[in-house]
Amino acid sequence: MVREIEAAVIERAGVPPVIETLLLDDPRPGEILVRMTASGVCHSDLHVRDGEWQRPGPIVMGHEGAGVIEAVGEGLDPGVIGRAVALSWYAPCLRCRECQRGRQWVCTGSPSFRHAQADGTTRLARRDGSPVLAYLSIGTMASAQVVPATAVVPMTDGVPPEVAALIGCGVSTGVGAVLKTADVPAGSTVAIIGLGGVGLSCVMGAVIAGARRIVVVDTNRAKLDLAGTLGATHSVQADPANPVATIEGIREAAGEGGPDFVFEAIGLPATIEQAIAVLPPGATAVLVGMTAFGQTVRFEGFPFVDGARRIIGSNYGSAVAALDFPRYAEWFLQGRLPVDRLIDRRLPLAELDDAFDRLRAGQAARQIVVFPGASAG
Ligand SMILES: NC(=O)c1ccc[n+]([C@@H]2O[C@H](COP(=O)([O-])OP(=O)(O)OC[C@H]3O[C@@H](n4cnc5c(N)ncnc54)[C@H](O)[C@@H]3O)[C@@H](O)[C@H]2O)c1
Ligand SMILES: [Zn+2]
Ligand SMILES: [Zn+2]
């Protein structure tokens with residue numbers, strides 16, 4: 001049965017989304033049809049919207065989503081129909097060397113690279129029959145979507161759709177960068193540069209890790225204040241025109257020469273360079289923010305090596321979605337991970353480009369597209 005769905009489509013990277021009615025085909029073996037309930041607006045969508053990341057098109061935006069299972073492909077258990085789920089934007093192939101090592105965040109056989117299903121085709125089409133891709137194979141800015149079954153993670157009862165959606169990207173990325181990628185020991189001093197959904201999740205992760213000092217850095221005062229309510233102990237208001245003052249501010253707030261760990265959660269060469277420059281000997285910069293394609297960063301070689309400093313790239317907070325999503329959901333229910341405090345706006349799909357404007361201006365914490373009929377349970 002072919003269904004009509006509403007989706008935010010961009011023709012190619014760099015152009016605004018248009019809300020279109022598309023045709024969605026049935027799920028095939030290894031695929032699941034999900035009715036979407038919530039989809040967060042992450043800066044990674046904005047990188048595509050603004051043409052900083054080239055992607056094929058036309059493509060349905062969105063990769064931070066939650067929904068309810070409506071149908072399953074042949075061979076999958078129909079008993080899961082009606083189950084609330086969160087979606088992983090990196091559907092693991094479960095067969096490659098990295099998946100077998102348990103490192104699904106660097107899976108080399110994922111269909112997510114191709115923005116299609118495992119067989120390379122898509123279940124989405126325009127009325128004229130021309131195919132439409134789904135961003136990272138899940139394209140969550142749509143009223144419903146067919147996704148790879150390995151992208152679907154059952155959600156713990158009692159977790160609201162908005163929170164489940166954020167677990168699908170920002171929370172797993174930020175909390176996981178601290179607890180999994182960097183494995184920050186209790187008592188460490190941590191600095192976090194950039195306080196969007198990802199950086200604020202790093203703050204929550206640093207609290208759970210038992211960091212002694214948590215220094216937060218942003219240009220926006222309101223973000224610093226919000227981070228303070230989540231457990232940040234010191235704040236530095238960044239002035240992009242004066243990076244030296246920002247570096248000195250971080251060192252002073254961290255004490256003891258500087259922080260043990262710095263998390264960069266913006267993706268600008270200038271702030272990545274600040275994260276590296278602020279490291280005292282033996283300390284680690286964890287790069288979480290993603291730059292526009294082709295950008296490079298610079299640092300001086302000798303002192304970096306002489307001081308045994310480290311840089312780590314963190315993809316998806318080293319998430320194994322099937323294990324980590326339920327863990328983060330449980331922490332939310334226990335009050336240890338107050339994900340709902342990150343949400344500062346709920347909007348209909350039609351206002352997506354307005355949400356991108358707010359995100360580009362650095363004004364948003366996390367904005368969530370909510371779909372009609374989404375229940376609170
Ligand atoms: N590594 C991953 O797996 C992964 C996953 C998701 C997102 N990301 C990336 O993480 C980054 C952050 O995503 P987000 O959705 O939280 O973004 P966001 O736009 O919501 O947050 C960025 C924050 O940085 C602040 N900022 C901007 N310029 C600054 C400057 N010069 N100095 C200090 N603060 C400044 C803004 O005020 C804003 O609060 C993006 O690059 C995104 O693509 C990476
Ligand atoms: Zn994201
Ligand atoms: Zn794999």
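Keep in mind that what you see is a predicted model, and the values were worked out from it rather than measured. For ligands, and for the atoms within them, numbers begin at 1 and follow the listed sequence.
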Taking distance alone, with no angle check, do Val288 and ligand 1 share an N/O pair under 3.5 Å?
yes

Lys/Arg N to Asp/Glu carboxylate O, Arg251 vs Glu248, below 4.0 Å:
no

Part of Val198 within contact of ligand 1 (heavy atoms, under 4.0 Å)
both

Where does the angle between the aromatic ring planes of His63 and Trp89 fall among parallel (under 30°), tilted (30 to 60°) and perpendicular (over 60°)?
perpendicular

Gly289 neighbourhood, listing ligand 1 atoms whose heavy-atom distance to it stays under 4.0 Å:
9 (C), 10 (O), 11 (C), 41 (O)

Atom indices of ligand 1 within 4.0 angstrom of Leu195 heavy atoms, with elements:
23 (C), 39 (O)

Residue Trp89 vicinity, atoms of ligand 1 by number, heavy atom under 4.0 Å:
3 (O)

Check: Glu6 main-chain N/O paired with Ser143 side-chain donor or acceptor under 3.5 Å:
yes

Which protein heavy atom lies closest to atom 41 (O) of ligand 1, and at what distance to 0.1 Å?
Ile266 O, 2.7 Å

With heavy atoms only and a cut-off of under 4.0 Å, state how Ala265 meets ligand 1: side chain, backbone, both or neither.
backbone

Distance-only polar pair, side chains of Gln367 and Arg358, donor-acceptor under 3.5 Å
yes

The atoms of ligand 1 lying under 4.0 Å from a heavy atom of Met290, numbered in the order shown, are 1 (N), 2 (C), 3 (O), 9 (C), 41 (O), 44 (C)

Within rounding of 10°, what is the angle whose vertex is the Zn ion (ligand 2) and whose arms end at SG of Cys42 and NE2 of His63?
110°

Gly197-ligand 1 polar pair, N/O distance under 3.5 Å:
yes

So, 4.0 Å and heavy atoms of Arg366: is ligand 1 close enough to count as a contact?
yes

Do Arg310 and Thr284 pair up side chain to side chain, a donor and an acceptor below 3.5 Å, judged on atom types alone?
yes

State the atoms of ligand 1, each with its element, that fall below the 4.0 Å cut-off from a heavy-atom position in Ala238.
32 (N), 33 (C)

Structural part of Trp105 in contact with ligand 1, heavy atom criterion under 4.0 angstrom
neither

At less than 4.0 angstrom from any non-hydrogen atom of Thr271, what atoms of ligand 1 do you find?
30 (C), 31 (N), 32 (N)

Against ligand 1, does Tyr90 come closer than 4.0 Å with any heavy atom?
no

Numbering as shown, the atoms of ligand 1 that approach Cys169 to under 4.0 Å (heavy-atom distance):
5 (C), 6 (C)

